[in-house]
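In what follows, a single structure is set out as structure tokens and then discussed.
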Amino acid sequence: MDEFDKEPTKEQKIWQVVAAIPQGKVASYGQVAAMAGLGRQARFVGRALGKLPAGHSIPWHRVIRSNGQIAFPEGTETCQLQTEKLRLEGVDVYKGRVKMKDFQWQP
DNA sequence: AGCGTGACGTAGG
DNA sequence: TCCTACGCCACGC
């Protein structure tokens with residue numbers, strides 16, 4: 001079992017945190033980084049989400065910028081997908097942004 | 001080993 | 001509220 005219990009990678013820590021975000025709530029990249037014990041590596045969080053393996057069940061769409069904006073340019077497919085996923089969970093997305101004050105996850 | 005990069009963040013105008 | 005500039009820092013080439 002030693003070979004099984006390797007230290008989780010930073011990506012895995014991030015995914016773990018993201019997986020803990022409840023439906024209908026959102027968190028910022030910086031928030032996720034801090035909660036994963038990674039300090040200010042907000043950018044690394046975005047990268048980690050880009051490395052998500054196929055068939056995952058990570059709610060990546062609940063992670064947005066600290067100012068409430070979707071991290072993708074409007075018009076891109078990824079942005080639209082994220083927007084719809086959030087709306088399906090009851091998160092109000094207007095002009096590619098979310099009111100953090102109302103939907104930010106507070107553990 | 002050095003350098004550009006980026007699903008970011010904060011400050012200032 | 002929108003836009004610009006600068007800071008951050010591990011990763012990958």
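Here is the naming used below: chain letters follow the sequence lines, and residue numbers restart at 1 for every chain.
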Considering all heavy atoms, the nearest [X]-[Y] contact:
X       : Y        : answer
A/Cys79 : A/Pro73  : CB-O, 3.4 Å
A/Ser28 : A/Val63  : C-CG1, 4.2 Å
A/Gln69 : A/Asn67  : N-OD1, 3.1 Å
A/Gln31 : A/Pro107 : NE2-CD, 4.4 Å

If only atom types and distance count, is the side chain of [X] paired as donor or acceptor with the main-chain N or O of [Y] below 3.5 Å?
X       : Y       : result
A/Thr76 : A/Phe72 : no
A/Gln80 : A/Glu77 : no
A/Arg65 : A/Ile70 : no
A/Trp60 : A/Trp15 : no

Checklist line | Distance, nearest 0.5 Å, that separates CD1 of A/Ile14 from CZ of A/Phe44 | finding: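 Atom-to-atom, A/Ile14:CD1 and A/Phe44:CZ are 5.0 Å apart.
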
Is there side-chain contact between [X] and [Y], with at least one heavy-atom pair below 4.5 Å?
X       : Y       : answer
A/Ile21 : A/Val26 : no
A/Val98 : A/Asp92 : no
A/Leu52 : A/Leu49 : yes
A/Tyr29 : A/Arg43 : no

**Asked** Going by heavy atoms closer than 4.0 Å, what residues in residues 45-79 of chain A are next to DNA chain C?
**Response**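 Those residues are A/Arg47, A/Lys51.
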
- Would you jot down, in residue-number order, the residues of residues 33-44 of chain A having a non-hydrogen atom under 4.0 Å from DNA chain C?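 Residues of residues 33-44 of chain A under 4.0 Å from DNA chain C: A/Arg40, A/Gln41, A/Arg43, A/Phe44.
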
Please list residues of residues 84-107 of chain A whose heavy atoms come under 4.0 Å from any atom in DNA chain B, ordered by number; otherwise none.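 Under 4.0 Å from DNA chain B: no residue of residues 84-107 of chain A.
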
For DNA chain B, which residues in residues 25-32 of chain A have a heavy atom at a distance below 4.0 Å?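 When residues 25-32 of chain A is checked for heavy atoms under 4.0 Å from DNA chain B, the hits, listed by number, are A/Ser28, A/Tyr29, A/Gly30.
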
Problem set entry | Full working for side-chain contact (heavy atoms from CB on, under 4.5 Å) between A/Gln82 and A/Ile64 | CA-CA 10 Å; A/Gln82 183 168 12; A/Ile64 61 180; 3.8 Å; yes

- Any side-chain donor near an acceptor of the partner, A/His61 and A/Glu84, under 3.5 Å: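 The answer is no; no qualifying pair exists.
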
**Asked** Can you list the steps and then say if A/Glu89 with A/Arg62 is a side-chain contact (heavy atoms from CB on, under 4.5 Å)?
**Response** CA-CA 10 Å; A/Glu89 298 186 347; A/Arg62 293 176 193 154; 2.6 Å; yes

Item to complete: Grab the stems for DNA chain C, please: at least three consecutive Watson-Crick or wobble pairs, both distances below 3.5 Å, written as range with range.
Response: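 The stems that DNA chain C takes part in, listed by first number, are B:2-6 with C:9-13, B:8-13 with C:2-7.
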
- Decide if atom CD of A/Gln16 counts as having more than 12 heavy atoms of other residues, nucleotides or ligands within a radius under 6.0 Å.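 Result for CD/A/Gln16: open.
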
Query - Boundaries of the DNA chain B segment in contact with chain A, non-hydrogen, under 4.0 Å - result: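 First and last nucleotides in contact are B/dT5 to B/dT10.
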
